[in-house]
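Worksheet: one structure, shown below.
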Amino acid sequence: MNGRIDTLAKLSQPLEPSLSKRQEWTEVITTHAQKFLESLAHTRAFQPSPSEGKGIFDSALRDEPQDPQQLLKVLAKHVEGPGVKLGTPGFLAFIPISTVYPAALGDYLGAVINPFVGNFFASPGAVRLEHLLTRWMAQVVGYPNNSAGDLTSGGSIANLSAVVAAREAHGLKSKNYAKAVVYITSQTHHSITKALRIAGLGDCPQRLIRLDAAYRMRPDDLERRIRADKRSGLNPWLIVASAGSTDAGAVDPLEAIREVAHRYRLWLHVDGAYGAMFVLCETGKTILAGMEQSDSLTLDPHKGLFMPCGSGAVLVREGRHLLNAYRYQASYMQDRASLASLAEVSPSELSPELTRPFRGLRLWLSLKLLGLQPFRAALEEKLLLARYFYQKIREVDGVELGPPPDLSVVTFRWRPKRGNDDAYNQRLLKTVQKDGRVFLTSTRLNGRFWLRLAVLCATTHREHIDLALEILKRNAKRY
Ligand SMILES: *Cc1c(COP(=O)(O)O)cnc(C)c1O
């Protein structure tokens with residue numbers, strides 16, 4: 001047996017590379033990464049590819065090590081190549097995601113240090129670092145000191161976490177779900193209804209509250225529906241408002257909705273996955289007024305703080321509700337210290353996860369290395385760029401405009417003199433996407449096909465908005 005153990009130790013030696021080996025790989029990978037970053041400014045925002053990355057299947061996993069240069073070639077061709085290019089300045093589709101460089105270094109370092117961040121006892125400093133970030137978010141939003149938060153993998157999980165906290169805070173029992181009414185709108189992100197289903201709340205009646213002309217929830221209709229439901233013996237318990245809807249970028253009237261929630265004792269969750277971080281600039285703060293009055297809030301640093309995919313956050317106004325939803329007893333955790341304060345609560349008692357990546361470091365390193373000021377400036381710039389686009393496209397003949405942008409999404413469509421509107425706009429969009437220098441998408445609002453432009457990529461500046469205008473105008477003329 002001893003002989004076998006020694007042989008196995010030798011065979012597994014590559015798992016513990018020497019300093020020079022580590023340096024060699026790091027050099028190869030970072031050289032590749034820098035080349036990739038340099039190319040982004042000139043890369044098309046959308047790269048159609050007939051093979052759609054299928055070639056990755058031809059590079060099988062083997063027992064033997066493979067050459068890093070070869071692997072990077074495979075990666076470049078089949079993974080980096082096809083599809084949309086997050087982080088390119090012409091990316092004006094969906095909600096743009098981009099990433100600042102220190103975040104990548106934070107991920108690298110976080111994986112190297114690899115603290116056990118699920119548990120305070122195991123990694124008190126790492127846990128405090130994450131609490132510092134959720135505290136900071138709570139503070140910029142205007143949440144009180146006794147709020148609690150968790151860094152999630154994204155907005156969908158943050159929404160799920162908030163829904164579960166709300167369910168527990170309202171003491172809902174499954175036998176009553178069919179009477180427990182939820183209030184949303186047609187603009188609510190699909191991750192909310194998905195979260196309800198995952199949380200076992202799929203039987204809760206869902207009311208779609210009417211929208212105003214700017215696609216915002218109407219508080220008068222909300223109140224009317226809640227009263228009607230109460231009269232019929234139902235139990236209204238949850239309102240989900242949007243602080244920036246994904247489709248139209250609309251911010252629901254949060255103050256008025258909060259008043260209704262308060263009057264009838266409903267939990268108000270605000271989905272700010274797209275919009276909440278705009279609170280960092282003064283203009284955004286004014287637009288988002290009332291957000292601080294919600295019971296829970298979703299934020300997505302991988303949208304509004306330019307983090308790589310995998311950075312969301314949930315905040316709960318009264319922190320104990322998050323703790324009540326997720327705390328646990330486990331005998332193998334008996335050595336953990338007793339809870340001194342919310343700042344020392346283990347993330348695993350504020351979320352469904354135990355072992356998880358050190359999500360905070362990418363954000364901490366970025367905010368520290370760069371300072372907050374450039375983030376504030378970038379967010380205000382994106383708000384202004386959307387307004388700039390709105391003004392410019394308004395001057396174009398034959399264009400119909402959606403509402404003025406609340407945040408950084410603009411909806412618009414051409415109204416051709418002849419032929420079918422929707423077909424015309426669909427054709428126009430296809431042509432713009434084929435050109436590839438900018439990437440826009442569309443949506444359906446009130447049963448019509450609308451083009452939409454969303455500004456949130458860190459590298460998008462005025463010249464890229466001008467380019468989008470030019471490409472749209474030139475192609476629109478051709479039809
Ligand atoms: C993006 C988004 C989500 C989902 O967040 P993920 O991070 O993609 O999981 C939820 N709500 C809104 C409003 C969003 O824009």
Side-chain angles (χ1 to χ4, degrees), residues 84 86-87 91-99 103 137 141 149-164 166 182-199 206 208-209 211 214-217 238-252 254 257 268-279 284 287-288 291 294 296-315 351-353 356-357 359 362-363 379 382-383 386 405-411 441 443 445 452-457:
V84 298
L86 300 184
F91 193 95
L92 303 164
F94 314 113
I95 302 295
I97 289 180
S98 56
T99 169
M137 286 181 216
V141 162
D150 179 54
L151 298 181
T152 65
S153 58
S156 303
I157 298 296
N159 280 335
L160 173 62
S161 200
V163 162
V164 170
V182 177
Y183 301 84
I184 55 178
T185 74
S186 61
Q187 292 294 302
T188 304
H189 193 269
H190 64 80
S191 61
I192 292 292
T193 43
K194 190 172 161 189
L196 287 165
R197 192 158 40 83
I198 299 170
Q206 295 172 10
L208 288 184
I209 303 305
L211 301 168
Y215 308 110
R216 306 183 189 115
M217 182 189 283
L238 174 66
I239 303 167
V240 179
S242 302
S245 63
T246 314
D247 249 6
V251 178
D252 289 332
L254 301 173
I257 292 171
L268 171 60
H269 173 64
V270 170
D271 181 358
Y274 152 52
M277 276 331 305
F278 281 104
V279 75
I287 297 164
L288 295 166
M291 188 167 71
S294 58
S296 55
L297 174 67
T298 286
L299 308 96
D300 241 356
H302 62 210
K303 288 175 180 164
L305 283 177
F306 318 118
M307 289 295 108
C309 298
S311 273
V314 61
L315 298 178
S351 92
E353 296 180 293
R356 63 187 191 73
R359 292 196 183 105
R362 49 162 66 165
L363 184 53
L379 288 164
K382 307 315 165 200
L383 286 180
D406 280 348
L407 296 170
S408 67
V409 175
V410 180
T411 51
T441 43
T443 186
L445 294 165
R452 65 190 280 292
L453 174 132
V455 197
L456 199 56
C457 177

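All ligand and atom numbering here is 1-based and tracks the order in the structure. The figures here come from the full heavy-atom set of this structure, side chains too, leaving out hydrogens, waters and symmetry mates. Counting begins at 1 with the first residue of the sequence.
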Pairs under 3.5 angstrom, nitrogen or oxygen on both sides, ligand 1 versus protein: list them out, please.
unit_1: ligand 1; atom_1: 5 (O); unit_2: G155; atom_2: N; d: 3.4
unit_1: ligand 1; atom_1: 5 (O); unit_2: S156; atom_2: N; d: 3.4
unit_1: ligand 1; atom_1: 5 (O); unit_2: D300; atom_2: OD2; d: 3.2
unit_1: ligand 1; atom_1: 7 (O); unit_2: G155; atom_2: N; d: 2.7
unit_1: ligand 1; atom_1: 7 (O); unit_2: D300; atom_2: OD1; d: 3.4
unit_1: ligand 1; atom_1: 7 (O); unit_2: D300; atom_2: OD2; d: 2.6
unit_1: ligand 1; atom_1: 7 (O); unit_2: H302; atom_2: NE2; d: 2.7
unit_1: ligand 1; atom_1: 9 (O); unit_2: G155; atom_2: N; d: 3.3
unit_1: ligand 1; atom_1: 9 (O); unit_2: S156; atom_2: N; d: 2.8
unit_1: ligand 1; atom_1: 9 (O); unit_2: S156; atom_2: OG; d: 2.6
unit_1: ligand 1; atom_1: 11 (N); unit_2: D271; atom_2: OD1; d: 3.2
unit_1: ligand 1; atom_1: 11 (N); unit_2: D271; atom_2: OD2; d: 2.6
unit_1: ligand 1; atom_1: 15 (O); unit_2: T246; atom_2: OG1; d: 3.0
unit_1: ligand 1; atom_1: 15 (O); unit_2: K303; atom_2: NZ; d: 2.8

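A salt bridge links R356 with D150; the closest basic N to acidic carboxylate O contact falls under 4.0 Å.
Only one option out of L196, I192, I209 pairs with I184 in a side-chain contact (heavy atoms from CB on, under 4.5 Å); it is I192. Considering H269, Q206, M217, H189 in turn, H269 is the only one that fulfils the side-chain contact (heavy atoms from CB on, under 4.5 Å) rule with V240.
Formation of a donor-acceptor pair under 3.5 Å by the R362 side chain with backbone atoms of M307 is not found in this model. Between the side chain of T152 and the backbone N or O of G154 there is at least one donor-acceptor pair closer than 3.5 Å.
Between F91 and F94, the two ring planes are tilted [angle within 30° to 60°].
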